[in-house]
Amino acid sequence: MTAKPLKRVLVTGGAGQIAYNLLFRIATGEMLGFDQPLALHILELPEAMKPLEGVRMELEDCAFPLLKEVHIGSDAEELFGDVHYALLVGAKPRGPGMERGDLLKENAKIFIEQGRALNSVADPDVKVLVVGNPCNTNCLITMTNAPRIPRKNFHAMTRLDQNRAVAQLALRAHVEVSSITNMTIWGNHSSTQVPDFVNAKISGKPVLDVIKDHSWLENEFVGTVQKRGAAVIASRGKSSAASAASSAIDAIKSLVTPTPRGEWFSSGVCSDENSYGVQENLIFSFPCRSKGDGHYEIVDNIPWNTFLREKIHASERELLEERSLLEGGVS
Ligand SMILES: NC(=O)c1ccc[n+]([C@@H]2O[C@H](COP(=O)([O-])OP(=O)(O)OC[C@H]3O[C@@H](n4cnc5c(N)ncnc54)[C@H](O)[C@@H]3O)[C@@H](O)[C@H]2O)c1
């Protein structure tokens, strides 16, 4: 049997903690399939090239059969050439005393540059997953600066939120995580996100038929998922890394494997005139499904009750505010 053609996977922030949990799993074949030969393209800032060189050595030392090439560097235009998947992880963290607007603008500079580099040299059908925060707005900036690439190829990662929500429901209902399906995260990857327990299912039944405690669902469950990132930082002293990496793998896997009939997954994708009345041109987390060809469609007609509607609109307002903070601030 002839080998499949090589797929090129770009990861930025290659010397960071998420990348250290991500690169090796991609290289085993977990993300794109155990018969898919790979090239890794890994971007870092010039000052982090030494630790990245160490990561490159370790990748080599694993002798992964699928990993045919590893390219490292700090020049986006050079490294983004012909990539089929771009996982944009590297971002500027919030510094002491930094306002949210400043953080957005500092990150905007990074994602403008990377969007332009994708636009000029990446594969024209490259699938882009933005992980670096604030990931929805960073994704919007990347997409806006890469007009050659279809808008439907851009995602902001809300899969970690989905996975956190699934785990909390499974714990509460004393069932396997695989019994939880149809878990939507609506909106922004932030504390305004809306984990939708109304439409999620446990062993095919509505969550509300299995977990009768509405107050727990509306308060503890939603609050735990919204604030899980902060809870991990408070406990570990560092932000989620292994779980973020694992969710990035899940996010791409969901695009390259067919979604089981009647199910869906969550991803931050661009809103259009048909997406639940959410203002157009926001990167907003919706329920999506895929035929496994790398593309997705938003699942429509999922009902919102008053509780969901109010919260989803608050998350939409936050994303509008993030977008407006940038307008005029960066070009
Ligand atoms: N969407 C999510 O669910 C989710 C979850 C966890 C973390 N995150 C975000 O992911 C990002 C990375 O997290 P981490 O823990 O790996 O951080 P980290 O600080 O350990 O690593 C980030 C790396 O990115 C590099 N970097 C910064 N600017 C860069 C640029 N312009 N080009 C290339 N590399 C650059 C840094 O040098 C650093 O090595 C953060 O923004 C974090 O908030 C998102």
Side-chain angles (χ1 to χ4, degrees), residues 10-23 41-56 71-80 83 86-95 98 100 103-118 128-142 145 154-165 185 187-193 195 225-233 236-252 265-269 283-285:
L10 163 75
V11 175
T12 70
Q17 50 157 4
I18 294 179
Y20 197 68
N21 287 278
L22 178 61
L23 290 163
H41 295 223
I42 317 175
L43 185 80
E44 252 301 346
L45 295 174
E47 56 269 32
M49 288 314 294
K50 190 162 176 247
L52 181 58
E53 176 57 27
V55 173
R56 192 197 63 73
H71 304 273
I72 65 172
S74 56
D75 182 333
E77 290 268 345
E78 239 175 60
L79 265 182
F80 288 20
V83 296
L87 282 68
L88 306 184
V89 179
K92 198 174 173 87
R94 197 169 190 151
M98 202 186 225
R100 196 154 137 264
L103 178 74
L104 281 162
K105 284 180 188 163
E106 284 302 313
N107 275 294
K109 290 182 202 154
I110 295 174
F111 290 91
I112 289 170
E113 187 202 323
Q114 295 185 356
R116 287 178 181 162
L118 286 169
V128 182
L129 176 70
V130 180
V131 176
N133 280 321
C135 65
N136 296 54
T137 296
N138 289 342
C139 182
L140 179 67
I141 294 163
T142 312
N145 284 279
F154 290 84
H155 298 259
M157 189 172 88
T158 54
R159 184 51 170 267
L160 176 55
D161 308 299
Q162 174 188 327
N163 287 344
R164 287 167 171 165
I185 301 294
N188 200 1
H189 168 70
S190 78
S191 57
T192 68
Q193 66 175 270
V225 177
Q226 287 174 331
K227 295 188 215 108
R228 188 66 160 187
V232 170
I233 295 177
R236 210 172 82 87
K238 291 179 188 167
S239 58
S240 314
S243 54
S246 196
S247 301
I249 300 230
D250 289 344
I252 300 287
F265 57 89
S266 300
S267 192
V269 297
I283 300 292
F284 198 91
S285 185

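Remember, it's 1-based here, ligands and their atoms both numbered in the order they're listed. Values below: every heavy atom of this structure, side chains too, minus hydrogens, waters and symmetry copies.
With a 4.0 Å cut-off on non-hydrogen atoms, K238 does not touch ligand 1 at all. Only the side chain of S239 comes within 4.0 Å of ligand 1, judged by heavy-atom distances. The proximity of I18 to ligand 1, defined as any non-hydrogen pair under 4.0 Å, involves the side chain as well as the backbone. Looking at H189 against ligand 1, only its side chain comes within 4.0 Å, counting heavy atoms. Residue I110 touches ligand 1 through its side chain alone, judged by heavy-atom distances below 4.0 Å. Both the backbone and the side chain of A91 come within 4.0 Å of ligand 1, counting heavy atoms alone.
Using a 4.5 Å heavy-atom threshold, the side chains of H41 and V11 count as separate. When side chains are defined from C-beta on, L10 counts as touching L88, because their heavy atoms get closer than 4.5 Å.
Between the side chains of T158 and H189, no donor-acceptor pair is found at a separation under 3.5 Å. Looking at Q162 and S285, their side chains never bring a donor and an acceptor atom within 3.5 Å of each other. Side-chain contact, N133 with N138: no donor N or O sits under 3.5 Å from an acceptor N or O. Q193 and D161 form a side-chain donor-acceptor contact under 3.5 Å, judged by distance and modelled atom types alone.
Taking a cut-off of under 4.0 Å to the non-hydrogen atoms of L160, the atoms of ligand 1 that pass are 3 (O), 5 (C). Ligand 1 places these atoms under 4.0 Å from at least one heavy atom of Q114: 30 (C), 31 (N), 32 (N). Against a heavy-atom cut-off of under 4.0 Å, A244 is close to the following atoms of ligand 1: 5 (C), 6 (C). Listed by number with element, the atoms of ligand 1 under 4.0 Å from a non-hydrogen atom of A15 are 39 (O).
The closest non-hydrogen atom to atom 11 (C) of ligand 1, taken over L129, V89, V130, N133, comes from V89. Relative to atom 6 (C) of ligand 1, the option among A48, P46, S240 with the closest non-hydrogen atom is S240.
Within a 4.0 Å radius of atom 24 (O) of ligand 1, the protein contributes at least one heavy atom.
The shortest heavy-atom distance from P93 to ligand 1 is not under 4.0 Å. In this structure, E47 has no heavy atom closer than 4.0 Å to ligand 1. Ligand 1 does not have K92 within reach: every non-hydrogen atom of the residue lies 4.0 Å or more from it. Contact between C135 and ligand 1 is present, with at least one heavy atom of the residue lying under 4.0 Å from the ligand.
Taking atom 30 (C) of ligand 1 as the reference point, the nearest protein heavy-atom neighbour is L45 CD2, 3.6 Å. At the shortest separation from atom 22 (C) of ligand 1 among protein heavy atoms lies G16 CA, 4.2 Å. If you check which protein heavy atom lies closest to atom 34 (N) of ligand 1, you get G13 N, 3.4 Å. For atom 44 (C) of ligand 1, the nearest non-hydrogen atom of the protein is V131 O, 3.0 Å. The protein heavy atom nearest to atom 20 (O) of ligand 1 is Q17 N, 2.9 Å.
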key: CA sep, side-chain torsions, deciding dist, call: T137, L104, side chain to side chain contact (heavy atoms under 4.5 Å, CB included)   = CA-CA 8 Å; T137 296; L104 281 162; 3.9 Å; yes

Applying side chain to side chain contact (heavy atoms under 4.5 Å, CB included), run through F284 and N136 and close with a yes or a no.
-> CA-CA 7 Å; F284 198 91; N136 296 54; 5.5 Å; no

Run M49 and S74 through side chain to side chain contact (heavy atoms under 4.5 Å, CB included) and show every step you take. CA-CA 8 Å; M49 288 314 294; S74 56; 4.2 Å; yes

Side chain to side chain contact (heavy atoms under 4.5 Å, CB included) assessment of F154 paired with T142:
CA-CA 8 Å; F154 290 84; T142 312; 4.0 Å; yes

CA sep, side-chain torsions, deciding dist, call: R56, E53, salt bridge (Lys or Arg N to Asp or Glu O under 4.0 Å): CA-CA 5 Å; R56 192 197 63 73; E53 176 57 27; 2.8 Å; yes

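Below 3.5 Å of separation, one finds an N or O of E44 facing an N or O of ligand 1.
From L160, atom CG reaches atom OG of S240 across 5.5 Å, with rounding to the nearest 0.5 Å. For the atom pair SG (C135) and CG (L140), the distance works out to 12.0 Å, reported to the nearest 0.5 Å.
Between E113 and R116, none of the side-chain N atoms (NZ, or NE/NH1/NH2) sits under 4.0 Å from a carboxylate O, so this pair counts as no salt bridge.
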